[in-house]
Amino acid sequence: AQSVTQLDSQVPVFEEAPVELRCNYSSSVSVYLFWYVQYPNQGLQLLLKYLSGSTLVKGINGFEAEFNKSQTSFHLRKPSVHISDTAEYFCAVSPGTNAGKSTFGDGTTLTVKP
Amino acid sequence: EAGVVQSPRYKIIEKKQPVAFWCNPISGHNTLYWYRQNLGQGPELLIRYENEEAVDDSQLPKDRFSAERLKGVDSTLKIQPAELGDSAVYLCASSLGLSRGTDTQYFGPGTRLTVL
């Protein structure tokens, strides 16, 4: 079994400030990790994913995340946010043998203020 | 290229009524997923198809939910009868299905169901 905990339900931040959205996971097997973004009234869009290799993963829209196996974390970061980054962000984990069996966290609402 | 198409986008029904949702995946995508997203939560997988075969339906409440993917293309998810607790957003996603390890899921906009 696997689980995901997104440590902050809401993160308010000012425009051009850095942001970190935190995600911890639990799994008894090796995992794949994902971050998705969901804009209002839209479906989820993949931001980035960690499958193997380098623990620092770069994604779209200037986001990056770092896989930390010892701390079972996969935090999402962006050095300078824009108003358009306001959205819901979901962390997800799947077994290393089946990316189709993803478990999602409850989401973090990022609100970027001018 | 068109994305994943879902209809209707919104549906309001009385409890005990039946309801159906339709999904057309991205052309060429062999794998199709149905998720339920309750308010304030992440999506939960209901069923996953590889072509026309349901390969994972362990989370589908089979007493009232059913799904089909005839011909391995579009899919329908049905609830009969609906209960108040079924109010949620129902998301459809698709992926190429070439490799489970690297398969990226593409999500539709969802159907928001309200059961009164």
Side-chain angles (χ1 to χ4, degrees), chain A residues 1-10 21-26 29-53 57 59-60 74 76 87-110, chain B residues 2-10 21 23-26 29-51 53-60 88-112:
Chain A
Q2 57 203 18
S3 64
V4 176
T5 301
Q6 292 185 240
L7 299 168
D8 307 291
S9 59
Q10 297 191 44
L21 306 184
R22 298 180 294 166
C23 173
N24 286 353
Y25 70 92
S26 172
V29 299
S30 63
V31 297
Y32 296 142
L33 293 155
F34 309 82
W35 274 100
Y36 291 86
V37 61
Q38 185 176 33
Y39 298 103
N41 297 316
Q42 294 186 27
L44 280 69
Q45 179 185 4
L46 182 67
L47 274 177
L48 48 79
K49 60 185 176 183
Y50 170 79
L51 302 179
S52 66
V57 180
I60 62 172
F74 191 55
L76 181 70
E88 188 84 10
Y89 292 80
F90 292 93
C91 181
V93 61
S94 71
T97 54
N98 190 350
K101 192 81 173 173
S102 292
T103 299
F104 289 79
D106 286 337
T108 296
T109 301
L110 174 64
Chain B
V4 177
V5 179
Q6 291 188 247
S7 68
R9 290 293 313 276
Y10 304 90
F21 316 123
C23 172
N24 192 32
I26 292 173
H29 281 196
N30 297 316
T31 305
L32 185 145
Y33 313 75
W34 280 104
Y35 290 88
R36 176 169 58 190
Q37 185 178 17
N38 292 315
L39 187 64
Q41 297 181 17
E44 294 178 285
L45 181 68
L46 292 174
I47 188 168
R48 176 167 61 95
Y49 283 93
E50 298 281 354
N51 297 304
E53 182 183 359
V55 296
D56 185 353
D57 63 355
S58 56
Q59 300 301 312
L60 189 72
V89 175
Y90 291 83
L91 295 166
C92 179
S94 70
S95 64
L96 282 169
L98 293 176
S99 168
R100 293 176 182 170
T102 59
D103 226 8
T104 295
Q105 296 182 43
Y106 296 84
F107 285 80
T111 296
R112 182 177 297 276

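Everything numeric in this text was worked out from a predicted model, so none of it was measured. Every chain is numbered from 1 and lettered A, B, ... according to where its sequence line falls, protein lines coming before strand lines.
Within 6.0 Å of OH on A:Y50 lie more than 12 heavy atoms contributed by other residues, nucleotides or ligands. Atom CD of B:Q41 sits in a crowded spot, with more than 12 heavy atoms from other residues, nucleotides or ligands closer than 6.0 Å. For B:L39, the CG atom counts as loosely surrounded, since its 6.0 Å shell holds 12 or fewer non-hydrogen atoms of other residues, nucleotides or ligands.
For A:Y36, the part lying under 4.5 angstrom from a heavy atom of chain B is the side chain only. Contacts between B:Q37 and chain A at a heavy-atom distance below 4.5 Å involve the side chain alone, from C-beta outward. Proximity to chain B (any heavy atom under 4.5 Å) is shown, for A:E88, by neither the backbone nor the side chain. A:L44 touches chain B through backbone and side chain together, each having a heavy atom under 4.5 Å away.
When every heavy atom of A:F104 is checked against every heavy atom of B:P43, the shortest pair comes out as CD1-O, 3.4 Å.
Options B:L45, B:N38, B:L91, B:D56 differ in how many heavy-atom pairs under 4.5 Å they form with chain A, and the most are formed by B:D56.
Proximity of A:N41 to B:R9: side-chain heavy atoms (C-beta onward) are separated by under 4.5 Å at one or more points.
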